[in-house]
Amino acid sequence: HYLLYFYMGFIMKVDEINFPSIMFSRRGIILQWIVFGVIFVVFTLIKDSFYADMAEMNLIKKAGYLMFSNVLTCIYSFLGVVALYSSVIKLIRDGYIHLSDRMIKLSQNCFGVYIFQQFILQWIYYHTDMTLLIPVELVPWIGFIIALTISLALSVLMRKTRIGRYLLG
(Lines give C-alpha, C1' and ligand atoms only; values in the text may rest on other atoms or scores of the structure.)
Protein backbone atom coordinates (compact mmCIF):
# COMPACT_ATOMS: atom_id res chain seq x y z
CA HIS A 1 0.00 0.00 0.00
CA TYR A 2 3.04 2.30 -0.04
CA LEU A 3 2.39 2.97 -3.72
CA LEU A 4 -0.47 5.26 -2.69
CA TYR A 5 1.91 7.47 -0.68
CA PHE A 6 4.60 7.49 -3.37
CA TYR A 7 2.04 8.45 -5.99
CA MET A 8 0.55 11.14 -3.75
CA GLY A 9 4.01 12.67 -3.19
CA PHE A 10 4.78 12.47 -6.90
CA ILE A 11 1.55 14.25 -7.86
CA MET A 12 2.08 16.89 -5.18
CA LYS A 13 5.58 17.63 -6.45
CA VAL A 14 4.95 17.42 -10.20
CA ASP A 15 1.67 19.29 -10.25
CA GLU A 16 2.69 21.67 -7.45
CA ILE A 17 -0.71 21.21 -5.89
CA ASN A 18 -1.90 24.22 -3.93
CA PHE A 19 -3.77 22.99 -0.91
CA PRO A 20 -6.50 25.12 0.64
CA SER A 21 -5.09 27.39 3.35
CA ILE A 22 -7.52 25.88 5.89
CA MET A 23 -5.52 22.67 5.66
CA PHE A 24 -2.52 24.33 7.33
CA SER A 25 -4.41 26.56 9.77
CA ARG A 26 -4.53 25.66 13.45
CA ARG A 27 -8.27 24.91 13.21
CA GLY A 28 -7.78 22.75 10.10
CA ILE A 29 -4.99 20.74 11.71
CA ILE A 30 -6.99 20.16 14.89
CA LEU A 31 -9.96 19.06 12.77
CA GLN A 32 -7.75 16.66 10.79
CA TRP A 33 -6.43 15.04 13.99
CA ILE A 34 -9.95 14.74 15.40
CA VAL A 35 -11.25 13.15 12.18
CA PHE A 36 -8.27 10.79 12.14
CA GLY A 37 -8.77 9.86 15.81
CA VAL A 38 -12.51 9.22 15.46
CA ILE A 39 -12.13 7.20 12.28
CA PHE A 40 -9.23 5.23 13.76
CA VAL A 41 -11.26 4.31 16.85
CA VAL A 42 -14.44 3.50 14.90
CA PHE A 43 -12.60 1.43 12.27
CA THR A 44 -10.63 -0.40 14.95
CA LEU A 45 -13.84 -1.26 16.80
CA ILE A 46 -15.43 -2.46 13.55
CA LYS A 47 -12.40 -4.60 12.71
CA ASP A 48 -12.28 -6.04 16.23
CA SER A 49 -15.97 -6.95 16.19
CA PHE A 50 -15.46 -8.96 13.00
CA TYR A 51 -12.19 -10.44 14.26
CA ALA A 52 -13.95 -12.02 17.23
CA ASP A 53 -16.03 -14.12 14.81
CA MET A 54 -13.10 -15.19 12.59
CA ALA A 55 -12.77 -18.64 14.13
CA GLU A 56 -16.25 -19.50 12.89
CA MET A 57 -15.82 -18.01 9.40
CA ASN A 58 -15.20 -20.06 6.29
CA LEU A 59 -12.26 -19.28 4.01
CA ILE A 60 -14.20 -16.90 1.74
CA LYS A 61 -15.46 -14.84 4.68
CA LYS A 62 -11.96 -14.72 6.17
CA ALA A 63 -10.56 -13.43 2.87
CA GLY A 64 -13.35 -10.85 2.73
CA TYR A 65 -12.56 -9.78 6.29
CA LEU A 66 -8.87 -9.38 5.45
CA MET A 67 -9.65 -7.28 2.38
CA PHE A 68 -12.14 -5.16 4.35
CA SER A 69 -9.61 -4.77 7.17
CA ASN A 70 -6.87 -3.68 4.77
CA VAL A 71 -9.14 -1.09 3.13
CA LEU A 72 -10.03 0.38 6.53
CA THR A 73 -6.36 0.43 7.52
CA CYS A 74 -5.43 2.26 4.31
CA ILE A 75 -8.15 4.86 4.89
CA TYR A 76 -7.13 5.78 8.44
CA SER A 77 -3.42 5.53 7.57
CA PHE A 78 -3.94 8.01 4.75
CA LEU A 79 -5.82 10.39 7.07
CA GLY A 80 -3.05 10.10 9.66
CA VAL A 81 -0.35 10.85 7.09
CA VAL A 82 -2.27 13.92 5.86
CA ALA A 83 -2.71 15.19 9.44
CA LEU A 84 0.97 14.64 10.22
CA TYR A 85 2.04 16.29 6.94
CA SER A 86 -0.14 19.34 7.65
CA SER A 87 1.19 19.61 11.20
CA VAL A 88 4.82 19.52 10.13
CA ILE A 89 4.27 22.03 7.31
CA LYS A 90 2.55 24.37 9.82
CA LEU A 91 5.47 24.04 12.26
CA ILE A 92 7.98 24.77 9.50
CA ARG A 93 6.02 27.77 8.19
CA ASP A 94 5.64 29.19 11.70
CA GLY A 95 9.38 28.87 12.32
CA TYR A 96 9.22 26.27 15.09
CA ILE A 97 11.20 23.82 12.97
CA HIS A 98 14.24 25.04 11.08
CA LEU A 99 15.86 22.65 8.64
CA SER A 100 19.62 22.91 8.67
CA ASP A 101 21.62 22.79 5.48
CA ARG A 102 23.00 19.42 6.56
CA MET A 103 19.48 17.97 6.94
CA ILE A 104 18.50 19.29 3.52
CA LYS A 105 21.63 17.70 2.02
CA LEU A 106 20.85 14.40 3.77
CA SER A 107 17.23 14.51 2.61
CA GLN A 108 18.42 14.37 -0.99
CA ASN A 109 19.47 10.79 -0.31
CA CYS A 110 16.30 9.58 1.45
CA PHE A 111 14.93 7.64 -1.50
CA GLY A 112 18.28 5.89 -2.00
CA VAL A 113 18.41 4.99 1.69
CA TYR A 114 14.87 3.65 1.45
CA ILE A 115 15.76 1.52 -1.57
CA PHE A 116 19.01 0.07 -0.20
CA GLN A 117 18.19 -0.43 3.50
CA GLN A 118 15.99 -3.49 3.09
CA PHE A 119 18.63 -5.40 1.15
CA ILE A 120 21.32 -4.40 3.63
CA LEU A 121 19.18 -5.47 6.60
CA GLN A 122 18.44 -8.82 4.94
CA TRP A 123 22.15 -9.31 4.35
CA ILE A 124 22.98 -8.40 7.97
CA TYR A 125 20.30 -10.60 9.54
CA TYR A 126 20.39 -13.63 7.25
CA HIS A 127 23.95 -13.82 5.88
CA THR A 128 26.14 -12.71 8.77
CA ASP A 129 26.67 -13.91 12.34
CA MET A 130 25.93 -10.48 13.81
CA THR A 131 22.79 -11.72 15.55
CA LEU A 132 24.84 -14.36 17.37
CA LEU A 133 27.69 -12.06 18.37
CA ILE A 134 25.78 -9.23 20.07
CA PRO A 135 23.03 -9.14 22.70
CA VAL A 136 19.55 -9.54 21.27
CA GLU A 137 18.46 -6.16 22.69
CA LEU A 138 21.09 -4.36 20.60
CA VAL A 139 20.50 -6.19 17.31
CA PRO A 140 17.87 -3.79 15.87
CA TRP A 141 19.83 -0.70 16.93
CA ILE A 142 23.14 -1.88 15.52
CA GLY A 143 21.34 -3.14 12.39
CA PHE A 144 19.78 0.32 12.00
CA ILE A 145 23.13 2.10 12.33
CA ILE A 146 24.89 -0.24 9.90
CA ALA A 147 22.04 -0.19 7.36
CA LEU A 148 21.72 3.60 7.53
CA THR A 149 25.45 4.15 7.12
CA ILE A 150 25.91 1.74 4.22
CA SER A 151 22.71 2.73 2.40
CA LEU A 152 23.53 6.43 2.78
CA ALA A 153 27.02 5.84 1.38
CA LEU A 154 25.60 3.81 -1.53
CA SER A 155 23.01 6.49 -2.23
CA VAL A 156 25.65 9.26 -2.26
CA LEU A 157 27.89 7.21 -4.56
CA MET A 158 25.05 6.27 -6.88
CA ARG A 159 23.86 9.89 -7.17
CA LYS A 160 27.33 10.84 -8.46
CA THR A 161 26.55 8.97 -11.69
CA ARG A 162 24.17 10.15 -14.39
CA ILE A 163 21.95 7.08 -14.15
CA GLY A 164 22.01 7.29 -10.34
CA ARG A 165 20.75 10.89 -10.41
CA TYR A 166 18.03 9.81 -12.84
CA LEU A 167 16.93 6.84 -10.72
CA LEU A 168 17.24 8.37 -7.26
CA GLY A 169 16.39 11.97 -8.08
Side-chain angles (χ1 to χ4, degrees), residues 1-19 23-24 29 32-33 35-37 39-41 43-44 47 51 63 65-169:
H1 77 280
Y2 292 111
L3 181 62
L4 171 70
Y5 302 112
F6 281 127
Y7 186 67
M8 187 174 77
F10 174 75
I11 293 298
M12 286 171 25
K13 181 65 178 166
V14 169
D15 293 341
E16 294 295 329
I17 292 176
N18 293 319
F19 293 101
M23 186 171 174
F24 302 112
I29 291 171
Q32 289 172 43
W33 282 109
V35 168
F36 165 71
I39 288 179
F40 176 80
V41 169
F43 284 4
T44 301
K47 285 172 27 177
Y51 186 75
Y65 166 77
L66 289 175
M67 287 184 358
F68 178 68
S69 176
N70 285 335
V71 167
L72 294 182
T73 301
C74 283
I75 290 170
Y76 68 69
S77 296
F78 176 78
L79 293 172
V81 166
V82 169
L84 183 61
Y85 174 78
S86 299
S87 300
V88 170
I89 295 298
K90 172 80 170 145
L91 291 172
I92 290 171
R93 286 182 179 172
D94 289 351
Y96 292 109
I97 296 176
H98 176 70
L99 301 176
S100 68
D101 292 338
R102 179 173 291 181
M103 287 302 284
I104 292 171
K105 280 280 195 201
L106 282 174
S107 72
Q108 294 173 344
N109 295 299
C110 286
F111 187 64
V113 169
Y114 172 77
I115 296 295
F116 293 123
Q117 57 89 22
Q118 178 167 350
F119 301 106
I120 294 166
L121 286 173
Q122 285 182 349
W123 174 74
I124 289 170
Y125 291 143
Y126 299 116
H127 301 290
T128 67
D129 292 332
M130 184 189 89
T131 56
L132 302 173
L133 301 174
I134 59 174
V136 70
E137 296 85 9
L138 297 178
V139 168
W141 298 104
I142 292 175
F144 166 74
I145 292 169
I146 292 171
L148 181 63
T149 304
I150 294 173
S151 60
L152 187 58
L154 287 172
S155 179
V156 168
L157 289 173
M158 191 165 178
R159 289 186 72 240
K160 290 186 180 203
T161 66
R162 178 181 284 166
I163 193 163
R165 283 188 301 275
Y166 176 75
L167 292 174
L168 298 180

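Just so you know, residue 1 is the first one in the sequence shown, and it goes up from there.
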In Å and rounded to the nearest 0.5 Å, what is the [atom1] to [atom2] distance from [X] to [Y]?
| X | Y | atom1 | atom2 | value |
| --- | --- | --- | --- | --- |
| Leu121 | Tyr126 | CG | OH | 9.5 Å |
| Phe111 | Arg159 | CZ | CZ | 12.0 Å |
| Ile115 | Cys110 | CD1 | SG | 12.0 Å |
| Asp94 | Ile89 | CG | CD1 | 11.0 Å |
| Trp33 | Leu79 | CH2 | CG | 10.5 Å |
| Lys47 | Asn70 | NZ | CG | 7.5 Å |

Task: Pairing residues for Tyr65 by the ring-ring contact (aromatic ring centres under 6.0 Å, His included) criterion, not counting sequence neighbours - done: none

Open item on the list: Holding to ring-ring contact (aromatic ring centres under 6.0 Å, His included), I want the full list of residues that pass it with Trp123, two or more places apart in sequence or in another chain.
Closed with: none

- [ ] Could you check if a side-chain atom of Val113 sits within less than 4.5 angstrom of a side-chain atom of Leu106, using non-hydrogen atoms only?
- [x] no

TODO: Could you check if a side-chain atom of Phe78 sits within less than 4.5 angstrom of a side-chain atom of Phe36, using non-hydrogen atoms only?
DONE: no

Heavy-atom closest contact ([X] atom, [Y] atom, distance):
| X | Y | result |
| --- | --- | --- |
| Tyr125 | Pro140 | OH-CA, 3.6 Å |
| Gln32 | Val82 | OE1-O, 3.4 Å |
| Ser155 | Gly112 | OG-CA, 3.5 Å |
| Ile145 | Thr149 | O-OG1, 2.7 Å |
| Ile29 | Ser86 | CD1-O, 3.5 Å |
| Glu137 | Trp141 | O-CD1, 3.4 Å |

- [ ] Only counting residues at least two apart or in another chain, list the ones meeting side chain to side chain contact (heavy atoms under 4.5 Å, CB included) with Ile124.
- [x] Ile120, Thr128, Met130, Ile146

Open item on the list: Given 3.5 Å as the limit, does a donor-acceptor pair link the side chain of Ser107 with the main chain of Ile104, or not?
Closed with: yes

TODO: Anything under 30° is parallel, anything over 60° is perpendicular, the rest tilted; go ahead and classify Phe40 against Tyr76.
DONE: perpendicular

